[in-house]
Number of protein chains: 2
Amino acid sequence: MTGPRWEPRRLSAVAVELPPGVTPAGTRGRILLAGLQLFAEYGFHGTSIRDLATAVGINSATLYAHYPAKEHVLAELVLLGHEELHRRLQQALVEAPPGPAAQLAALVRAQVGAHADFPLLALVANAELHALSPERAAPALALREQSRQLGLRVLRLGADRGEFRVADPVLAATAIGSMGMQVAHWFGPDQPYTRDQVADAYADFALQLVGADPVQKG
Amino acid sequence: MTGPRWEPRRLSAVAVELPPGVTPAGTRGRILLAGLQLFAEYGFHGTSIRDLATAVGINSATLYAHYPAKEHVLAELVLLGHEELHRRLQQALVEAPPGPAAQLAALVRAQVGAHADFPLLALVANAELHALSPERAAPALALREQSRQLGLRVLRLGADRGEFRVADPVLAATAIGSMGMQVAHWFGPDQPYTRDQVADAYADFALQLVGADPVQKG
DNA sequence: AGCTGCCAACCAATCGATTGATTGGTCAGT
DNA sequence: ACTGACCAATCAATCGATTGGTTGGCAGCT
């Protein structure tokens, strides 16, 4: 499509930005940011290379001087999103106080924080991954599985120690992960919550869900 | 695209079906079912009318004898999905034992059940709604808001009565709704859970999340 | 200063293929 | 003869991608 079909309604109020230090320099970075916005709003197949080029302010041919194909722009965004989340989860585990409860709270805060800080990136990484060919989706899927295992290990540890009262850690991990994932779909500066308020609330939800005693916030 | 880009990986093991009594008779119904499968796997913009016609086994021109445009096929699916969920939520509330805890459990069981019984429909209704024009998305969005209010009222009632220990019912309703919504993305016959096991587990999760005492299953 | 070589960035024009949609018409069942 | 279902052929428009070529700035040398 040449122009936007209609006014953005999916994520209009959210800033178009990537995590610090990962935006490529020059035009390549601007293409990535424009792709972030358009893919989030209209989807990968709903965005043409002319839409993308127009948003960047360049000719569509110039795109191919920076990316070999439209799909590679999406692939980079999807990978960046999964890398950012996994990095934050790992760091949260490292910095967390010992014990499954504190670790679970730290993981949930990190996940919610990542999706609240960069909702566009989280949305594209999750909702548009299916548009990638299997070989280009594989790295992100591998990262996603690793992130899932981080949460699952903490839940199993808590269950084994008797600190969590949860019958099925796999289902609990899925449910908790689902809560945080959806944050990217609704959180924004127009909401009456700060990112920390949502992160703390969701961490409490997760602890309650697994039947743990509340822990102090860090 | 003329043929499938790659083997289905999003929802390959899930049956392509609609709730009883809502499938139109004849070719119109077959178009709807084919759209359900293709839109779920490849997205609305990732599915051409030729893909759709080929899956039905008819010529692409014949589609226009049944639907005025490709978008109307999606619009009907999206509306069907939201109607089915809302209908089940209402019925669950009617049939539930009195009291906020039992009502919350019933709502969650109904939501999870709907998304587990018809994951393709739930996926299309939620993930492809953004591809609809505002006027055709409006009915589904209105239904979604009504469904949200059903859950919110129960949470507020439980909080007011002191049966739920939840600081922010709005955030809690969002979190609980997010859990169930995501079920459509992973549940299938290949999972080691029945739909009732997941529904019951998620109902318990929701009750734990709001700090309620467990209730007997219905 | 002036010249040369270089390179990232850029674009007009265009490719063949595919898009959503339309026409005029066929065909089986009643 | 009428009707609903269907299709071959085709439309203008747009798709992702490619070509050949231009631009402006900067480093190194004279």
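Quick note on labels: first sequence line is chain A, next is B, and so on, each numbered from 1. Just so it is clear, the model here is predicted, and its values are computed rather than measured. Hydrogens, waters and symmetry mates are skipped; everything else that's a heavy atom, side chains included, is used.
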Expected output: side-chain A:Q197 to main-chain A:T194 donor-acceptor under 3.5 Å: yes
In this structure, how many angstroms lie between the C1' atom of D:dC6 and the CG atom of B:L52, rounded? 16 Å
Give the ring-plane orientation class for B:Y193 versus B:W186, where under 30° counts as parallel, over 60° as perpendicular and anything between as tilted. perpendicular
How does protein reach along nucleotides 22-30 of chain C, written 5' to 3' as B (base within reach of a heavy atom under 4.0 Å), S (only sugar-phosphate), or - (no contact)? BB-------
Whether A:T27 contacts C:dA8 is assessed here as follows: a side-chain N or O lying under 4.0 Å from the phosphate OP1 or OP2. Is that the case? no
At less than 4.0 Å, is any side-chain N or O atom of A:R30 found next to OP1 or OP2 of C:dC10? Yes or no. yes
Quick one: label A:R28 by what it contacts on the DNA or RNA (base, sugar-phosphate, nothing), any heavy atom closer than 4.0 Å. nothing
Under 4.0 Å, counting only non-hydrogen atoms across every strand here, what does A:I58 touch: a base, just sugar-phosphate, or nothing? sugar-phosphate
For A:I31 and C:dA9, what is the distance between atoms CD1 and C1' respectively, to the nearest whole Å? 10 Å
B:H66, nearest nucleotide to its side chain (from C:dG20, D:dA17, D:dC6): D:dC6
Give a yes or no on whether a salt bridge exists between A:R88 and A:D117, defined as a side-chain N under 4.0 angstrom from a carboxylate O. yes
Can you check the A:R50 CZ to D:dA17 C1' distance for me, whole Å? 9 Å
Do the side chains of B:R28 and B:E76 get close enough for a salt bridge, i.e. N-O under 4.0 angstrom? yes
When you compare the side chains of A:T62 and A:N59, does any donor N or O come within less than 3.5 Å of an acceptor on the partner? no
Just jot down the ring pair (Phe, Tyr, Trp, His ring centres under 6.0 Å) partners of A:F118, sequence neighbours excluded, or say none. none
Taken to the nearest whole Å, NZ/A:K70 to P/D:dA17 is 8 Å
Without decimals, in angstroms, what is the distance between B:L63 CG and C:dG20 C1'? 11 Å
If you assign each of B:I49 and A:A65 to its closest nucleotide in DNA chain C, which residue comes earlier from the 5' end? A:A65
Considering only residues two or more places apart or on different chains, which pairs with a residue in residues 137-157 of chain A satisfy ring-ring contact (aromatic ring centres under 6.0 Å, His included)? none
